[in-house]
*Asks:* 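Below: one structure in structure tokens.
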Amino acid sequence: GATTFFGHPILKTQTAVDLFCQTYTATTGSLSIQYATVTQLTVPCLVSIGGTLTVSHNPGLTDISFPSLVDIGEALSVDNDNSALQSISMPSLETIGLSDGHPSPTGLVIQARTVLTLDLQSLVEVSADVSISVGTNATSLDLSSLADVAGALNLSGPSSISSIPLPALSQVGDSISITSLGLALLSAPNLLTVGNIFNVVGNASLTAVDLPQLDSVGSNFIITNNSLLPTSDAEALRDQVQAGSGIGGTVTISGNGPG
């Protein structure tokens with residue numbers, strides 16, 4: 001039957017993972033993937049991690065997969081020092097930071113300049129910040145189920161990803177920041193509220209925003225230096241929010257495209 005590991009395992013090899021998986025499906029504490037001696041690591045057994053999942057200091061690791069992982073109790077952290085990492089796959093992960101009702105201070109932080117694909121297709125709720133920074137070669141970032149971010153949502157490049165659909169996103173508790181991405185379209189058709197700052201800056205390929213439900217921005221509203229985004233589109237979104245529940249801070253619209 002399902003067995004929980006009490007403590008904080010550190011896994012470096014597939015052999016160690018396989019041995020761990022003969023017994024355990026969950027851990028009460030944090031799990032570290034550090035100094036891995038393999039290029040590909042799959043952890044098929046884990047359904048739940050009570051603490052934080054940290055992936056760091058793995059210069060040779062190219063692919064990491066947690067196919068069955070549903071819940072991370074505190075946070076998920078992937079650092080830039082995984083200098084060969086190309087694929088992060090957690091297709092079953094639904095929640096981050098909801099353990100014991102105490103929100104994690106960090107949430108989801110992925111600094112992955114080499115990553116090509118990031119699969120978080122089932123992720124629904126994060127109790128703190130979501131911060132994802134991807135490099136120029138990234139091709140796919142799947143956040144298609146993400147509905148509720150209690151903290152801030154920060155997506156940044158440089159990246160050539162042309163689309164990061166956010167069809168389920170309904171609320172961001174803190175600020176939203178979309179910067180230096182290759183997006184042609186910023187689409188979050190069900191986003192209603194942004195608790196703090198709305199910041200869309202320096203997205204050189206951005207031509208359109210699809211935020212038809214956005215009704216409330218708690219603080220400043222900033223759309224600047226998106227050279228292909230028609231200024232009239234930025235102004236129309238401003239007017240839409242002001243006609244709804246409003247903008248709680250200053251409005252800055254500049255350096256965008258003609259029209």
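What you see is a predicted model, and the numbers here were worked out from it, not measured in a lab.
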*Asks:* Under the ring-ring contact (aromatic ring centres under 6.0 Å, His included) rule, what pairs show up with a residue in residues 153-193, not counting sequence neighbours?
*Replies:*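 Every candidate ring-ring contact (aromatic ring centres under 6.0 Å, His included) pair involving residues 153-193 fails, so no pair, neighbours aside, qualifies.
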
*Asks:* Before you tell me yes or no, could you show the steps for Leu146 and Val126 under side-chain contact (heavy atoms from CB on, under 4.5 Å), namely the whole-Å CA-CA distance, both residues' side-chain angles and the distance that decides it to 0.1 Å?
*Replies:* CA-CA 8 Å; Leu146 188 62; Val126 179; 4.2 Å; yes

*Asks:* Please round to the nearest 0.5 Å and tell me the distance separating atom CG of Leu53 and atom OG of Ser30.
*Replies:*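 These two atoms lie 8.5 Å from each other.
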
*Asks:* Can you sort out the partners of Asp174 under side chain to side chain donor-acceptor pair (under 3.5 Å), two or more places apart, ordered by chain and number?
*Replies:*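 Asn196.
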
*Asks:* Please check if the side chain of Thr193 supplies one atom and the backbone of Gly195 the other of a donor-acceptor pair under 3.5 Å.
*Replies:*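 Answer holds: no.
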
*Asks:* Less than 3.5 Å apart, which donor and acceptor atoms pair up between the side chains of residues 177-190 and the rest of the protein, not counting sequence neighbours?
*Replies:*
| residue | atom | partner | partner atom | Å |
| --- | --- | --- | --- | --- |
| Ser177 | OG | Asn199 | ND2 | 3.1 |
| Ser187 | OG | Asp210 | OD2 | 3.0 |
| Asn190 | ND2 | Pro167 | O | 2.7 |

*Asks:* Carefully, step by step, assess Leu191 and Leu166 under the rule side-chain contact (heavy atoms from CB on, under 4.5 Å).
*Replies:* CA-CA 9 Å; Leu191 180 63; Leu166 297 165; over 6 Å; no

*Asks:* Under 4.5 Å between side-chain heavy atoms, counting indirect links through other Ile/Leu/Val/Met/Phe/Trp/Tyr residues: same cluster for Val38 and Val78 or not?
*Replies:*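 As far as the 4.5 Å side-chain criterion goes, Val78 and Val38 are connected within one cluster.
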
*Asks:* Are Ile222 and Phe198 linked, directly or through intermediate hydrophobic residues, by side-chain heavy-atom contacts shorter than 4.5 Å (ILVMFWY only)?
*Replies:*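 In one cluster with Phe198: Ile222, no.
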
*Asks:* Just by modelled atom types, is the Ile223 backbone N or O under 3.5 Å from a matching donor or acceptor in the Asn256 side chain?
*Replies:*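 Judged by distance alone, yes, a pair lies under 3.5 Å.
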
*Asks:* With rounding to the nearest 0.5 Å, note down the distance linking CG in Leu206 to CG in Asn226.
*Replies:*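 Output value for this atom pair is 5.5 Å.
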
*Asks:* Please report, to 0.1 Å, the donor-acceptor pairs under 3.5 Å made by any side chain of residues 11-18, with sequence neighbours excluded.
*Replies:*
| residue | atom | partner | partner atom | Å |
| --- | --- | --- | --- | --- |
| Thr13 | OG1 | Ala16 | N | 3.0 |
| Gln14 | OE1 | Thr42 | N | 3.0 |
| Gln14 | NE2 | Asp18 | OD1 | 3.1 |
| Gln14 | NE2 | Thr42 | O | 2.8 |

*Asks:* Name each donor-acceptor pair under 3.5 Å that joins a side chain in residues 148-159 to protein atoms two or more places apart or in another chain, with its distance.
*Replies:*
| residue | atom | partner | partner atom | Å |
| --- | --- | --- | --- | --- |
| Asp148 | OD1 | Gln171 | NE2 | 3.4 |
| Asp148 | OD2 | Gln171 | NE2 | 3.3 |
| Ser159 | OG | Ile161 | N | 3.0 |

*Asks:* Mark yes or no for whether Gln34, through its side chain, and Ile10, through its backbone, hold a donor-acceptor pair below 3.5 Å.
*Replies:*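 Side chain of Gln34 to backbone of Ile10, a donor-acceptor pair under 3.5 Å: no, none is there.
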
*Asks:* Which value, rounded to the nearest 0.5 Å, describes the distance between Ser133 atom OG and Arg113 atom CZ?
*Replies:*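 So the gap between those two atoms works out to 3.5 Å.
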
*Asks:* Under a 3.5 Å distance rule, please check whether Asn58 uses its side chain to pair with a backbone N or O of Ser56 as donor and acceptor.
*Replies:*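 Checked: pair present.
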
*Asks:* Would Val200 and Ile197 show up in the same hydrophobic cluster when neighbours are defined by side-chain heavy atoms closer than 4.5 Å?
*Replies:*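 Per the 4.5 Å side-chain linkage, Val200 and Ile197 are not co-clustered.
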
*Asks:* Closest heavy-atom contact between Val209 and Leu237?
*Replies:*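 Here Val209 and Leu237 meet closest at CG2-CD2, 4.5 Å.
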
*Asks:* Looking only at heavy atoms, which two atoms of Pro9 and Thr27 are closest? And how far apart?
*Replies:*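 Scanning both residues completely, I find the closest heavy atoms to be CD-OG1, 3.6 Å.
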
*Asks:* Could you tell me the separation between the CG atom of Asp129 and the CG atom of Leu108, rounded to the nearest 0.5 Å?
*Replies:*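 Interatomic distance, Asp129 CG to Leu108 CG, rounded to 0.5 Å: 9.5 Å.
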
*Asks:* Going hydrophobic residue to hydrophobic residue with side-chain gaps under 4.5 angstrom, can you get from Tyr24 over to Leu69?
*Replies:*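 Tyr24 clusters together with Leu69.
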
*Asks:* Which word best sums up how the rings of Phe20 and Phe5 line up, parallel for under 30°, tilted for 30 to 60°, or perpendicular for over 60°?
*Replies:*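 Answer is tilted, since the angle falls between 30° and 60°.
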
*Asks:* Nearest 0.5 Å please: distance from the CD1 atom of Ile64 over to the CD atom of Gln40.
*Replies:*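 Result: 11.0 Å between the selected atoms.
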
*Asks:* Specify the closest pair of heavy atoms between Ser131 and Gln111, including all atoms of both residues, with the distance to one decimal.
*Replies:*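 In this case the closest contact between Ser131 and Gln111 is OG-NE2, 4.0 Å.
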
*Asks:* Checking Ser127 side chain against Gly97 main chain: does a donor-acceptor pair fall under 3.5 Å?
*Replies:*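 Yes, Ser127 side chain to Gly97 backbone: donor-acceptor pair under 3.5 Å.
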
*Asks:* Short question: side chain of Thr28, backbone of Gly7 - any donor-acceptor pair under 3.5 Å?
*Replies:*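 Yes, the answer is positive, given that a donor and an acceptor are paired below the 3.5 Å cut-off.
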
*Asks:* My understanding is that only residues two or more places apart in sequence, or in another chain, count here; which of them pass side chain to side chain donor-acceptor pair (under 3.5 Å) with Glu235?
*Replies:*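 Partners of Glu235 by the side chain to side chain donor-acceptor pair (under 3.5 Å) criterion come out as none, since no residue qualifies.
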
*Asks:* Decide yes or no on side-chain contact (heavy atoms from CB on, under 4.5 Å) for Ser145 and Val124, but give the supporting numbers first.
*Replies:* CA-CA 5 Å; Ser145 298; Val124 174; 4.3 Å; yes

*Asks:* Who passes side chain to side chain contact (heavy atoms under 4.5 Å, CB included) against Gln242, sequence neighbours left out?
*Replies:*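 For Gln242 the side chain to side chain contact (heavy atoms under 4.5 Å, CB included) partners, ignoring immediate neighbours, are Arg238, Asp239, Ile247, Val251.
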
*Asks:* Working to the nearest 0.5 angstrom, can you tell me the gap between Ile72 CD1 and Thr52 OG1?
*Replies:*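 Spacing of CD1 (Ile72) from OG1 (Thr52) equals 8.5 Å.
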
*Asks:* Among pairs that include at least one residue of residues 28-84, which meet disulfide (SG to SG under 2.5 Å), considering only residues two or more places apart or in two chains?
*Replies:*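 The answer is Cys21-Cys45.
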
*Asks:* Using the test side chain to side chain donor-acceptor pair (under 3.5 Å), find all partners of Ser144 that sit at least two apart in sequence or belong to another chain.
*Replies:*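 Only Asp142 meet the side chain to side chain donor-acceptor pair (under 3.5 Å) criterion with Ser144.
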
*Asks:* Keeping to residues at least two apart or across chains, list the ring-ring contact (aromatic ring centres under 6.0 Å, His included) pairs with something in residues 40-94.
*Replies:*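 Applying ring-ring contact (aromatic ring centres under 6.0 Å, His included) to every pair that reaches into residues 40-94, excluding sequence neighbours, yields Tyr35-His57.
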
*Asks:* Can you see which heavy atom on Asp233 is nearest to which on Thr207, and at what distance?
*Replies:*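 Closest approach of Asp233 to Thr207: OD2-O, 4.1 Å.
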
*Asks:* Could you give the side-chain donor-acceptor pairs of residues 85-95 under 3.5 Å, partners two or more places apart or in another chain?
*Replies:*
| residue | atom | partner | partner atom | Å |
| --- | --- | --- | --- | --- |
| Ser92 | OG | Pro67 | O | 2.7 |
| Thr95 | OG1 | Asp71 | OD1 | 2.8 |

*Asks:* According to side chain to side chain donor-acceptor pair (under 3.5 Å), who are the partners of Thr250, at least two apart in sequence or on a separate chain?
*Replies:*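 Per chain and number, Thr250 pairs via side chain to side chain donor-acceptor pair (under 3.5 Å) with Asn220.
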
